[in-house]
Structures are given as C-alpha cells and as structure tokens.
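Chain naming here is simple, since letters A, B, ... match the order of the sequence lines and numbering starts at 1 in each.
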Amino acid sequence: MQVVVTVVTFRDIFQNEAEKKSRYSEDYRKLSAQITLDKQDMAGLGVKDGQNVLVKNDVGSVVVAVKASEDDSHPGLAFMVNSPWSNQLVRDDVCETNIPGFKGISAQVSPSGESVTQISELFQRMKAQGA
Amino acid sequence: MAVCTGCSLLCEDIELTLKTGAISQVKNLCRKGHGHFQALFTERIVPKIDGQEVSVDQAITKAVDILRNAKHPLLYGWSNSALEAQRVGIDLGKKLGATIDDTSSFCQGILMELVLTGKLPTCTLDDVRNFADTSVFWGADPSNSHPRLLSRFAYYPRGSKRQKSYEEERNCLVVDVRKSATAKLCSNYFRVPPGGDADFIASVIDVLDGKIPKYGDKKRMIDLGTILRKTEYGVIFPGVGLVYALQDKIELLKTLVAKLNEITTFKVVPMVEHYNMRGFNQLLLDDSGSINRVSFHSGQVTHGPENSIMAAAKICDAALVIGSDPLSSLPFGTAKSLAGVSLIAIDPRRSLTTDAAQVVIPSAMYGLEAGGSAIRMDGVRIEFEPIVKSDLLSDEQILARIKEEI
C-alpha cells in the first residue's frame with residue numbers, strides 16, 4: 001500500500017522549544033520525526049495514529065510516525081515540521097532563485113515496520129556521502 | 001530587564017531570575033523564548049579540532065590556517081549574530097575574497113530586498129499597534145514562529161488610534177495552506193492549495209477592481225475585498241510560505257500592494273525568523289549593494305544565485321558557519337556538501353554542524369552572555385546587555401581575532 005502526497009513543512013513552537021533544549025533529545029525526535037496525514041490517506045494505508053511509515057522520494061527517505069490530521073479534509077496533502085527529517089526529502093537542485101522547495105515536496109508514503117529514523121543515522125548519511 | 005534574542009521580535013521586557021544552572025523566575029517570556037533562555041544550560045560546547053578538545057587559541061589558529069589556505073572560502077550564517085559581529089564578518093569576507101551569505105538566502109531574502117530598497121512600503125511594529133485595523137498573515141503562523149506578535153503589536157493590544165477591543169477594531173486575516181494555530185485564532189481564514197498564492201493574489205486584485213474573481217470561493221473573495229477596501233491602515237505579514245510559493249513571481253505581491261495603496265494604506269513587514277537577519281541584510285546592502293549572496297573573490301564584488309549557500313556549498317573548499325546549523329536546516333544534498341568540506345563552526349551550542357566541523361569554536365550567547373545590538377524584524381535597532389557573566393568570547397571577538405591573524 002502506498003499513497004502519493006505533497007508534503008508541506010511548517011514551524012512548531014513545541015518542537016522549537018525541544019530543539020533549543022537539545023537536538024539530540026527524545027522530545028525533539030518525537031516532535032520532528034512525524035508526518036500529519038489526512039484521515040482518508042491513513043485509511044488508504046491502513047495505518048493508525050502513532051504507527052510508523054516510510055516517506056520517500058528520489059532525494060531520500062525517512063521512517064517517521066503518523067499523526068492524524070485534525071484539519072478539514074486534505075487528502076494528498078501532508079505536513080511535516082521543518083527538521084533534518086523533512087530535509088532528507090527536499091531537493092537541492094533548485095531553480096534560478098535557488099530557494100529549495102521546502103513547502104511542496106512530492107513523496108510516497110507506505111506503512112513501515114521499522115523504527116523511526118534516529119538523528120544519528122541522518123548525521124551518518126551526511127558524513128558518509130559527504131566524505 | 002533582558003532582551004530575548006529567541007526571534008526577530010527582540011522582546012525587551014523580559015524579567016527573570018537566574019540561579020546556578022536554571023531559570024528560577026520569569027515574566028513575559030513566550031514558550032519559544034523560554035526554550036532560548038534554557039539553552040544557556042544545555043548542549044554547550046568546548047573548542048575542538050578534529051574531535052579533540054583543544055584551547056580556544058588553538059582552535060582559532062587552526063581556523064585561520066584553513067581559511068588562509070582556502071581558494072574558495074564560504075562564510076555563512078550571520079542571522080544569529082549581533083550587528084557588531086556581522087560588521088567584522090563582512091570585513092573578513094573582503095579580506096579573504098570569500099563568498100558570504102546568510103539564512104535569508106533560502107527564506108525571506110527576495111522579500112527583504114524589496115523592503116530594504118524601498119520597493120515595498122513598510123512600517124514599524126509600533127505603527128502596527130497604534131494604527132493597524134487589518135493584519136494579514138500570509139503563509140505565516142506567528143503563534144508558532146513569533147509568539148508575542150499578536151499580543152504585543154498586531155491584534156490584541158490597544159494603540160493610540162485603536163482604543164477599542166480587538167473584536168471591534170481589528171481584523172486579523174490568515175492566508176495559508178494549513179489551518180495553523182494563528183488561523184484558528186483569527187477572524188478570517190482563507191485556505192490556498194500549495195503554490196496557489198499567485199492565483200489567490202490575482203483573485204484579490206480582481207475583487208478590488210470590481211471584477212468577479214477567477215479563483216477561490218467567489219462570495220468569500222468578494223467579502224475579503226470588502227474588508228480590504230474598508231481598511232484604514234493595513235499590514236501584510238508575509239511568511240516563508242508566501243515567499244516559497246511565489247519565488248520568481250514575487251512581483252505579484254508588489255502589484256497587489258500597489259493596488260491596495262490606490263485604495264487605502266497598506267504596509268508590508270516580512271516575518272523574519274532569526275533575530276538579526278534584517279541587520280545582516282542591511283549591513284551587506286549598505287556595504288556591497290546586495291542584501292545576501294555576495295562574493296568578494298579576487299577583489300571584485302559580485303552578487304547572484306551562484307553565491308547562494310545552495311550553490312556555494314557545492315564549490316567551496318572551506319566554510320565558516322556562524323550561529324547557524326545548516327546541516328539541520330538545509331536540504332540533504334546541501335548539508336552533505338558542507339559536511340564534506342573543511343568546516344569551521346562558531347556556535348554557543350552543539351548541533352549537527354558543530355558535530356561535523358573540523359574546528360569548533362564556542363561562543364557566548366548574545367543577549368544572555370554578550371551584549372550588542374540587532375535590527376528587529378521591522379527595522380528598529382535594539383540594544384542588549386549580557387545578563388550573566390561569561391568567559392566565552394563573543395562572535396565579534398572571535399571574528400576579530402581570525403581577521404587579525406589572517
């Protein structure tokens with residue numbers, strides 16, 4: 001099962017507060033490594049609030065937890081807090097303005113039995129491929 | 001009273017009592033600001049070279065060595081440094097022939113340039129409090145990004161010409177893809193699809209011209225036109241949501257603002273995130289004619305997208321990053337590029353960038369451990385003093401030493 005979504009990133013004050021305390025904390029990971037999905041998309045995937053999903057595109061992939069949207073219906077539209085997790089999916093080959101598409105990330109979402117991606121793993125990906 | 005450097009509101013009314021290792025009493029800090037002050041006690045770093053702890057002097061000497069030998073050095077960050085440090089940083093860039101860029105390059109830069117060059121009318125937040133009867137938060141969610149903007153200036157307070165309650169005297173409109181926390185508080189919320197802002201602007205211009213709008217709910221758009229027409233003093237607060245949606249169509253916002261100003265008074269105040277991004281943009285503009293994305297290579301001053309952090313990260317052979325964590329905040333490909341060069345990180349606290357850096361130089365936190373000045377999001381200069389004693393060098397002192405040794 002898979003749904004295709006457009007991911008829009010946003011700011012969250014609780015995640016920001018957690019980041020100020022420590023980027024390496026469990027609080028920061030929980031508040032960052034999640035994707036808010038429309039209930040219709042969740043039903044299509046057969047996932048419930050709190051379950052893990054793989055979010056991937058041709059840029060990268062992360063395993064994050066699902067958060068059920070409380071907003072009006074928005075199938076095909078998903079939200080992630082701006083963080084190193086969402087940035088795994090953001091293209092860097094950008095247009096003339098050189099502004100990345102943080103707010104219109106095309107990605108596929110599917111259920112995952114894996115645990116949520118740790119920040120240490122994200123860091124290792126940068127170091128391994130940057131070296 | 002302390003000044004909070006947690007966001008570009010630079011709130012000056014912070015009262016707090018600090019005890020060893022903790023804040024014991026506090027007044028007027030928002031949640032974001034509280035986190036910022038708590039950061040004084042967490043994830044502090046020590047000087048390092050290649051992961052080994054060294055003295056500050058050794059770390060600075062190594063940084064000088066790296067920068068002196070670089071053919072294409074990049075200096076990046078700046079939005080979380082005081083004006084005094086930014087001034088030294090720009091001079092360092094000239095001395096090195098470096099590329100210099102700040103966080104505005106991938107957020108509010110194109111909008112800030114229009115404001116700083118007088119192409120968009122703007123005002124102070126005090127003007128907003130005293131005169132504004134309509135505030136439009138467009139692709140912006142101040143309840144999460146600038147938590148006291150509504151209570152100090154834009155919605156709830158009484159001002160010299162706004163003496164009645166906010167329900168009677170102020171309109172607060174939100175245009176956003178997402179029904180944000182601010183959208184839930186405000187009197188009118190308009191949902192746009194991702195990238196639909198240009199069409200929304202076209203519809204607003206249509207209704208202001210008395211035409212039937214092509215996009216959106218026609219009745220709601222006509223109601224919006226009525227609110228805007230009746231406005232005495234309006235302010236648009238564009239967030240990164242609008243900037244990202246418009247990008248090279250940012251002229252559309254200029255067209256809309258010009259149209260609104262044919263009818264009434266409308267100003268624009270960009271929702272700058274970091275506390276002194278505007279300060280850096282102003283300093284660099286005064287110095288080089290551009291607000292960001294500048295190269296001083298070979299003694300020539302050039303400006304363009306090729307000097308943006310996104311492009312420069314791929315071609316630089318050394319980078320000095322100050323007060324910023326691009327490995328967290330930029331796309332994976334750019335972060336990966338930066339992680340692969342000789343990286344110098346000047347920062348008060350641990351981050352992915354300091355973890356990846358060859359040289360780490362700890363700095364004092366501005367507003368808490370170091371004094372200085374900054375430009376608030378609306379252009380007002382704010383001075384701040386340290387509230388705790390610290391032996392740590394400020395960004396200004398570190399950069400001055402690097403510049404002197406080079």
Trainee: So do the side chains of B:Asp355 and A:Tyr24 get within less than 4.5 Å of each other, counting heavy atoms only?
Mentor: yes

Trainee: Which answer fits B:Asp176, side chain, backbone, both or neither, if we ask what part of it has an atom under 4.5 Å from a heavy atom of chain A?
Mentor: neither

Trainee: Just so I know, are the side chains of A:Phe102 and B:Pro331 near enough to count as touching, which here means a heavy-atom distance under 4.5 Å?
Mentor: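 A side-chain contact exists here, since the closest heavy-atom pair is under 4.5 Å.
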
Trainee: Can you find a pair of side-chain heavy atoms, one from A:Ile13 and one from B:Ser143, that are under 4.5 Å apart?
Mentor: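 A:Ile13 vs B:Ser143: side chains apart.
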
Trainee: Surrounding NZ of A:Lys30 (heavy atoms of other residues, nucleotides or ligands, distance under 6.0 Å), is the total greater than 12?
Mentor: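 Incorrect, the count does not exceed 12.
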
Trainee: Is there a side-chain contact between B:Leu338 and A:Met126 in this structure, where contact means two heavy atoms from C-beta onward sitting under 4.5 Å apart?
Mentor: no

Trainee: Could you grab the distance from atom SG of B:Cys107 to atom CG of A:Asn82, nearest 0.5 Å is fine?
Mentor: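 Rounded to the nearest 0.5 Å, the SG-CG separation comes to 10.5 Å.
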
Trainee: Should the pair A:Asp71-B:Arg191 be classified as a salt bridge under the 4.0 Å nitrogen-to-oxygen rule?
Mentor: yes

Trainee: Are any of the side-chain heavy atoms of A:Phe79 and B:Val177 separated by less than 4.5 Å?
Mentor: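 Yes, at least one pair of side-chain atoms sits under 4.5 Å.
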
Trainee: Taking 4.0 angstrom as the limit, do A:Arg11 and B:Glu273 come out as a salt bridge?
Mentor: yes

Trainee: Report yes or no: does A:Asn16 contribute a side-chain atom to a donor-acceptor pair with the main-chain N or O of B:Lys32 at less than 3.5 Å?
Mentor: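 No; zero donor-acceptor contacts below 3.5 Å.
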
Trainee: Tell me whether the NZ or CZ atom of B:Arg31 lies within the 45° cone about the ring axis of A:Phe14 and under 6.0 Å from its centre.
Mentor: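 The answer is no; the distance or angle limit is not met.
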
Trainee: I'd like to verify something: which residue of B:His34, B:Arg350, B:His36, B:Lys184 has the highest number of heavy-atom pairs under 4.5 Å with chain A?
Mentor: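 Looking at each option in turn, the highest pair count goes to B:Arg350.
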
Trainee: Count the heavy-atom pairs under 4.5 Å between each of B:Ala356, B:Ser328, B:Gly333, B:Gly6 and chain A, then report the option with the highest count.
Mentor: B:Ser328

Trainee: Between the side chains of A:Asp92 and B:Lys336, is the shortest nitrogen-to-carboxylate-oxygen separation below 4.0 Å, so that they form an ion pair?
Mentor: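 No, no charged N to carboxylate O under 4.0 Å.
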
Trainee: I'd like to check B:Pro194 versus A:Leu77 (side-chain heavy atoms, cut-off strictly below 4.5 Å). Are they in contact?
Mentor: yes

Trainee: Any non-hydrogen side-chain atom of B:Leu352 less than 4.5 Å from a side-chain atom of A:Ile119?
Mentor: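 With C-beta onward as the side chain, the pair touches.
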
Trainee: If you define the side chain from C-beta out and look only at heavy atoms, does anything of A:Lys20 sit under 4.5 Å from B:Gln38?
Mentor: no

